[in-house]
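Take a look at the structure set out below.
Below, chain A is the first sequence line, B the second, and so on; all start at residue 1. Excluded from the calculations below are hydrogen atoms, water molecules and symmetry mates; all remaining heavy atoms, backbone and side chain alike, are included.
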Amino acid sequence: MTGYNFAYLDEQTKRMIRRAILKAVAIPGHQIPFGSREMPLPYGWGTGGIQLTAAVLGPDDGLKVIDQGADDTTNAVSIRRFFARTAGVTTTTHTADATIIQTRHRIPELKLTDKQIIVYQVPQPEPLSKLESSRAETRRMHGLAEYGLMHVRLYEDITRFGHVSISYDYPVMVGGRYLMSPSPIPAFDNPKMHMMPALQLFGAGREQRIYAIPPYTTVESLDFDDHPFRTTRAPHACGLCGAADSYLDEVVTDDRGGRLYVCSDTDHCETRRTAGHTGTESPPVDAPAEQAA
Amino acid sequence: MTDDTLLSARGLNLRFGNIPALIDVDADLWPGEVLAIVGESGSGKTTLLQVLSGRVAPQSGVVWYRDPEGRLLDVHAMPAPALRALHRSDWGFVHQNPRDNLRMGVTAGGNVGERLMAQGSRHYGRIRAEAIDWLKQVEIDGARVDDLPRVFSGGMLQRLQIARTLVTHPRLVFMDEPTGGLDVSVQARLLDLIRSLVRRLNIAAVLVTHDLAVARLLANRIMVMQRGVVVEAGLTDQVLDDPQHAYTQLLVSSVLSA
């Protein structure tokens, strides 16, 4: 596309972001401020993630963008097309084929490799934000590794509900040092961050922060000895591919209480169906609906 | 300063603009001892407490603290992380207004357990058991461990604050008017509680108060301040029964006897 620099951002801005990324990788989990730019999409739609992607994207990269695990939602489609037009990179929906995956709210079910980078869109990078309103104070708490307050929150949860009720954006300790918000991914995805071979980058556009987890870094979800961290998922198998271990979306199908549970990771579900897996709600083979699709 | 002095201050000076808050103040505190700082408002009592606890730096002078290993630490030359660690473990601070210290949106148990969790305690059941134990020690029903502080009365809030402060067994507690703003009967009960806890746990305390009766009840020694100067210091009974300085005499004679 003419009139734009490769991947939209000018080279000086990319250098600035790359410097922030290098810093972030050097101090795993530590939030690095950066000069976030105006992007042609609103705050909250992934301005931080899109700037990170633009800064690390090369002409040979394959880009995948997911929103809530799906490749076909508005946000994912728009960002994918944005980079197809401004950078001319190939885009894909297949997790295995992508070298850069920009994501909102999910980590793909397929295990990522050391050839891949995953970019998270982050609305609120400060894990202590709900507990301590002063950013000067939270910076001090990070500096001194004073994270007792976060455990007070978990204590309160167990006291009120009998278990930790945080189901997404579950706080983690990175490299045994920094408390970090994993972005609003479900707690179900937290264990995938631990010792992940892929580089994980986090961008918060409105809050102007970048942070990172280098490959093979420990990521521990906070818990108590007698209330260990546990992941939860809907107690069903995917209606389309039969997967019993993936994270599920609940889809209301009619107004008579009909429910369909499907994999939130659409690529995972499709790959399984192509491989011949079926679920209870799969259309029968050779049915007219199947031919139309 | 002797070998076992817990806290020792020498030559503290601090001015706020033209106003002298502290002029050449010396102070010593031994383990298990309660030192009361009395004087009228504006005499520099609270400033002295802030300086002794390392929260405000003096313009000159030094504050020494002897840690459990016997090392002398210069409170104002310590790195910030070490000072904060000290405030979390060895020291405690009881504010006049318990709302300044408590987290009002967190249950009583969470409030008491916070210092334990800050020290690395990671067992929910034990933290909770300890919280209940401490609530009982400050005469709050253990069944109220899951209540929010906002449903507590003023006296209970102050006792909750004391439980929260003492849960990590500090050696030294700073108290700023702990009975201020409470009615007289609640004050009496609270004083009784503080006295028994301090004696039983062998806690040293620096107590700021304008109430001579509080000082007489709790303190072993007393320092009388006026306009930033310590005008008289000594054993509590000695100072209150036989005041030497004109200002102390005025202070003692101004107390209404019921």
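Across all non-hydrogen atoms, the minimal contact from A:G46 to A:L41 is N-CD1, 4.5 Å. When all heavy atoms of B:V94 and B:V173 are compared, the pair lying nearest together is CG2-CG1, 3.9 Å.
Using bins of under 30°, 30° to 60° and over 60° for the plane-to-plane angle, the ring pair A:H30/A:Y178 lands in the tilted bin. B:H95 and B:F93 have tilted rings, their planes meeting at an angle from 30° to 60° on a 0 to 90° scale. Using cut-offs of 30° and 60° for the angle between ring planes, the A:Y247 and A:F188 rings count as tilted.
Proximity to chain B is limited to the side chain of A:L144, based on heavy atoms less than 4.5 angstrom apart. Interface remark: B:R88 contributes side-chain atoms only to the contact with chain A (heavy atom separation under 4.5 Å). Proximity to chain B (any heavy atom under 4.5 Å) is restricted, for A:R160, to the side chain, taken from C-beta onward.
Among the candidates A:R140, A:R153, A:E146, A:H227, the residue making the largest number of heavy-atom pairs closer than 4.5 Å to chain B is A:E146. Interface summary for chain A: among B:R84, B:R126, B:E114, the most heavy-atom pairs under 4.5 angstrom belong to B:R84. Put simply, of A:L222, A:L149, A:D226, the one with the most heavy-atom pairs under 4.5 Å next to chain B is A:D226.
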